[in-house]
Amino acid sequence: LMPSVSTPKGVLEEPVNPIGLALSEGATFVARGFAGDTEHLAGLIEQAVHHKGFALIDVLQPCVTFNRQNTFEWYRQRTYQLGDDYDPRDRITAFAKALEWGEKIPLGIIYQNDRPTYEAQLGALKTAPLVKQAMGDPGQFEKLLDEFM
């Protein structure tokens, strides 16, 4: 238990693991970045924005006001970037990386899968959201309403 200004007796709860949670719920882009390395973090954000599907980035951001233990230096000593030999398409290994915390904390794309999005799998949504599509003949709409009333 590490005491801090806001938690003088330390944090009693087990923290949520956002990487593990995202992996278990089917996110297709899961990454971790560190606010102390803005260039790397910006690259992750750019990749996440361009990813087709649910993307989550766990950003390690020290609290300089209340937490004097987990400082920028604390993270710099423990974080490392995943190398070119790491395969982000291996979900089992990604779960192992999600559990890696403490003396070693991985940064980078933990998991990525380019499976089709929900919208891409539905013919009616392939071109645009329904709200942006032309309704067609208004009479068709009235006929459809009559079928359901």
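None of the values given here were measured: they were computed from a predicted structure.
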Item to complete: Please assess Phe34 against Val59 for the test side-chain contact (heavy atoms from CB on, under 4.5 Å), listing each intermediate value before the final yes or no.
Response: CA-CA 6 Å; Phe34 172 45; Val59 179; over 6 Å; no
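- Using a 4.5 Å heavy-atom cutoff, the side chains of Asp58 and Pro18 are in contact.
- When each of Gln112, His51, Arg115 is checked for a side chain to side chain donor-acceptor pair (under 3.5 Å) with Thr28, only His51 meets the rule.
- Closest approach of Pro106 and Lys97 over heavy atoms only: CG-O, 3.6 Å.
- Side-chain atoms of Asp87 and Thr93, non-hydrogen and from C-beta on, never get closer than 4.5 Å to each other.
- Linking Ile, Leu, Val, Met, Phe, Trp and Tyr whenever their side-chain heavy atoms come within less than 4.5 Å leaves Leu21 and Leu56 in two separate clusters.
- Counting heavy-atom neighbours within 6.0 Å of Glu46 CD, excluding the residue itself, gives a total of 12 or less.
- In the hydrophobic clustering of this structure, Trp74 groups with Leu60; members are Ile, Leu, Val, Met, Phe, Trp, Tyr whose side-chain heavy atoms approach within less than 4.5 Å, directly or through other members.
- A continuous path of hydrophobic side-chain contacts links Ile57 to Val49 [ILVMFWY only; heavy atoms under 4.5 Å].
- The shortest non-hydrogen separation linking Ala22 to Val30 is CB-CG2, 3.9 Å.
- In this structure, Leu41 is not a member of the same hydrophobic cluster as Tyr75, with clusters built from ILVMFWY side-chain heavy atoms closer than 4.5 Å.
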Worksheet entry | Derivation of the side-chain contact (heavy atoms from CB on, under 4.5 Å) call for Arg78 and Glu103 | CA-CA 5 Å; Arg78 288 162 176 78; Glu103 293 305 310; 4.1 Å; yes
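- We find the SG-CD distance between Cys63 and Gln69 to be 12.0 Å, quoted to the nearest 0.5 Å.
- The backbone N or O of Ile110 sits nowhere less than 3.5 Å from a side-chain atom of Arg32 that would complete a donor-acceptor pair.
- Between the side chains of Tyr111 and Asn113, at least one donor N or O lies within less than 3.5 Å of an accepting N or O.
- The two residues Leu82 and Ile109 come nearest to each other via the heavy atoms CD1-O, 3.6 Å.
- The two residues Phe95 and Gly20 make their nearest non-hydrogen contact at CE2-O, 3.8 Å.
- No donor-acceptor pair under 3.5 Å is formed between the side chain of Glu100 and the backbone N or O of Ala96.
- Leu44 and Ile105 are members of different hydrophobic clusters when ILVMFWY side chains are connected at heavy-atom separations under 4.5 Å.
- Of the possible polar contacts, one joining the Asn17 side chain to the Ala98 backbone as a donor-acceptor pair under 3.5 Å is found.
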Worksheet item: Passes side-chain contact (heavy atoms from CB on, under 4.5 Å), Thr117 versus Phe54? Steps please.
Response: CA-CA 9 Å; Thr117 61; Phe54 185 87; over 6 Å; no
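- Electrostatic pairing of Asp37 and Arg76 does not count as a salt bridge here, judged by no charged N lying under 4.0 Å from a carboxylate O.
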